[in-house]
Visitor: 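Quick one: this structure, given as structure tokens, is what I'll be asking you about.
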Amino acid sequence: MRALCWHGKGDVRVDTVPDPKIQHPRDAVIKITACAICGSDLHLLDGYQPTMERGDILGHENMGEVIELGSEVKNLKIGDRVVVPFTISCGQCWFCQKGLFSCCDRTNPNAEMAAKAMGQSPAGLFGFSHMLGGYAGAKRNISGFQWPTLGRSRFRTASPTNRRFSCRISSRPAIWRPLTPR
């Protein structure tokens, strides 16, 4: 499979990478149909974000079709079309229970590294640095996702084209918190 990979400051390339596989019962594999460009991608491109490693797969804020599911995923089915945000949230920790999904304290395996650099670790993030989990991104044909039970929005097969929904990829998580009652 082909993917957009980071190789250093100002150096991104389309490389051949292994296909994703279900590694945990809460994983999902999605055939990517659209992936947005985010301002944070520029931080990676210009070398501003630390802890990137050569060959890291870029991309977050994507949409596609579910093609494989782990045994514990109950809220999605094969064939569902989904919008996947940047953050990875468990839905069960204290932060997630309070609606503070970007602060999830279960999805960043490198939380200590992030807390040392930023004072507090955020949730794991797709296609970003190893300090924020080192999860592979979605600028590729097929993507594997951890924790798909929360934060994935399904939309009907009869829905409009991907272009009409692509704004939801970034704007939905970005505006969600200010709009939620406290």
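Quick caveat: nothing in here was measured; it's all calculated off a predicted structure. Residues take their numbers from the sequence shown, with the count starting at 1.
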Visitor: Please report the shortest heavy-atom distance between M63 and V83, naming the atom on each side.
Guide: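 M63 and V83 have their closest heavy atoms at CE-CG2, 3.9 Å.
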Visitor: What are the two closest non-hydrogen atoms of M1 and N141, and how far apart are they?
Guide: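 Of all heavy-atom pairs spanning M1 and N141, the closest is CG-OD1, 3.2 Å.
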Visitor: Quick check: does any side chain N or O of D80 sit under 3.5 Å from a backbone N or O of V66, one acting as donor and the other as acceptor?
Guide: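 Looks like no, no N/O pair under 3.5 Å.
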Visitor: State whether the side chain of D56 and the backbone N or O of M52 hold a donor-acceptor pair below 3.5 Å, judged by distance alone.
Guide: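 Here the side-chain-to-backbone pair does not exist.
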Visitor: To the closest 0.5 Å, what do you measure between NZ (K98) and SG (C103)?
Guide: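 The NZ atom of K98 sits 13.5 Å away from the SG atom of C103.
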Visitor: Under the 3.5 angstrom rule, does the side chain of R140 hit a backbone N or O of I32 as a donor-acceptor pair?
Guide: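 No, because the side chain of R140 does not come within donor-acceptor range (under 3.5 Å) of the backbone of I32.
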Visitor: Taking the side chain as every heavy atom from C-beta outward, state whether C93 and F101 have any atom pair closer than 4.5 Å.
Guide: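 In short, these two side chains do not touch, never coming nearer than 4.5 Å.
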Visitor: Is a side-chain N or O of Q49 found less than 3.5 angstrom from the main chain of F128, in a donor-acceptor match?
Guide: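 Not a single qualifying donor-acceptor pair exists.
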Visitor: Are V84 and F126 side-chain neighbours, meaning at least one heavy-atom pair lies under 4.5 Å?
Guide: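 Side chain of V84 against side chain of F126, heavy atoms only: contact under 4.5 Å found.
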Visitor: Group every Ile, Leu, Val, Met, Phe, Trp and Tyr by side-chain heavy-atom contacts under 4.5 Å, then state whether L42 and I57 land in the same group.
Guide: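 No, L42 and I57 fall in different hydrophobic clusters.
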Visitor: Give the table of side-chain donor-acceptor pairs shorter than 3.5 Å for residues 10-20, with sequence neighbours excluded, one pair per line with atom names and distance.
Guide:
residue: D11; atom: OD1; partner: R13; partner atom: NE; Å: 3.0
residue: D11; atom: OD2; partner: R13; partner atom: NH2; Å: 2.7
residue: D15; atom: OD2; partner: H7; partner atom: NE2; Å: 2.6
residue: T16; atom: OG1; partner: R2; partner atom: NH1; Å: 2.8

Visitor: I'd like to know if the side chain of K74 and the backbone of S71 have a donor-acceptor N/O pair within less than 3.5 Å.
Guide: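 Yes: the side chain of K74 pairs with the backbone of S71.
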Visitor: With respect to C104, which candidate in N108, T107, L100 satisfies the side-chain contact (heavy atoms from CB on, under 4.5 Å) definition?
Guide: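 The single option meeting the side-chain contact (heavy atoms from CB on, under 4.5 Å) with C104 is T107.
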Visitor: Nearest 0.5 Å, please: how far is CD in E65 from NZ in K31?
Guide: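 If I round to the nearest 0.5 Å, the distance is 6.5 Å.
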Visitor: Can you see which heavy atom on C35 is nearest to which on G59, and at what distance?
Guide: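 Distance-wise, the nearest heavy atoms are SG-CA, 4.3 Å.
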Visitor: Which word best sums up how the rings of F86 and H60 line up, parallel for under 30°, tilted for 30 to 60°, or perpendicular for over 60°?
Guide: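 Taking H60 first and then F86, their aromatic rings lie parallel (interplane angle under 30°).
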Visitor: With hydrophobic residues grouped by side-chain heavy-atom distances under 4.5 Å, do W6 and Y48 end up in a single group?
Guide: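 No, W6 does not connect to Y48 through the hydrophobic network.
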Visitor: Any side-chain heavy-atom pair from I22 and L69 closer than 4.5 angstrom?
Guide: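 Side-chain contact under 4.5 Å: no.
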Visitor: Donor-acceptor pair, distance only, cut-off 3.5 Å: does the side chain of S121 make one with the backbone of A115?
Guide: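 It does not hold such a pair.
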Visitor: Is it true that K139 and D41 have a side-chain N and a carboxylate O under 4.0 angstrom from each other?
Guide: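 Yes, charged N to carboxylate O under 4.0 Å.
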Visitor: Looking at C90 and R106, what are the two nearest heavy atoms and their distance?
Guide: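 Heavy atoms of C90 and R106 come nearest at SG-CD, 3.5 Å.
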Visitor: Tell me the closest heavy-atom pair linking C96 and S89, and the distance in Å.
Guide: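 Shortest heavy-atom contact: SG-CB, 3.8 Å.
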Visitor: Heavy atoms, side chains only, cut-off 4.5 Å: are P122 and L132 in contact?
Guide: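 Side-chain contact under 4.5 Å: yes.
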Visitor: Determine, stepwise, if the pair N75 / V73 fulfils side chain to side chain contact (heavy atoms under 4.5 Å, CB included).
Guide: CA-CA 6 Å; N75 65 324; V73 179; 3.6 Å; yes
Visitor: Can you name the closest pair of heavy atoms from P109 and Y135 and give their distance?
Guide: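 Taking every non-hydrogen atom into account, CD-OH, 3.6 Å.
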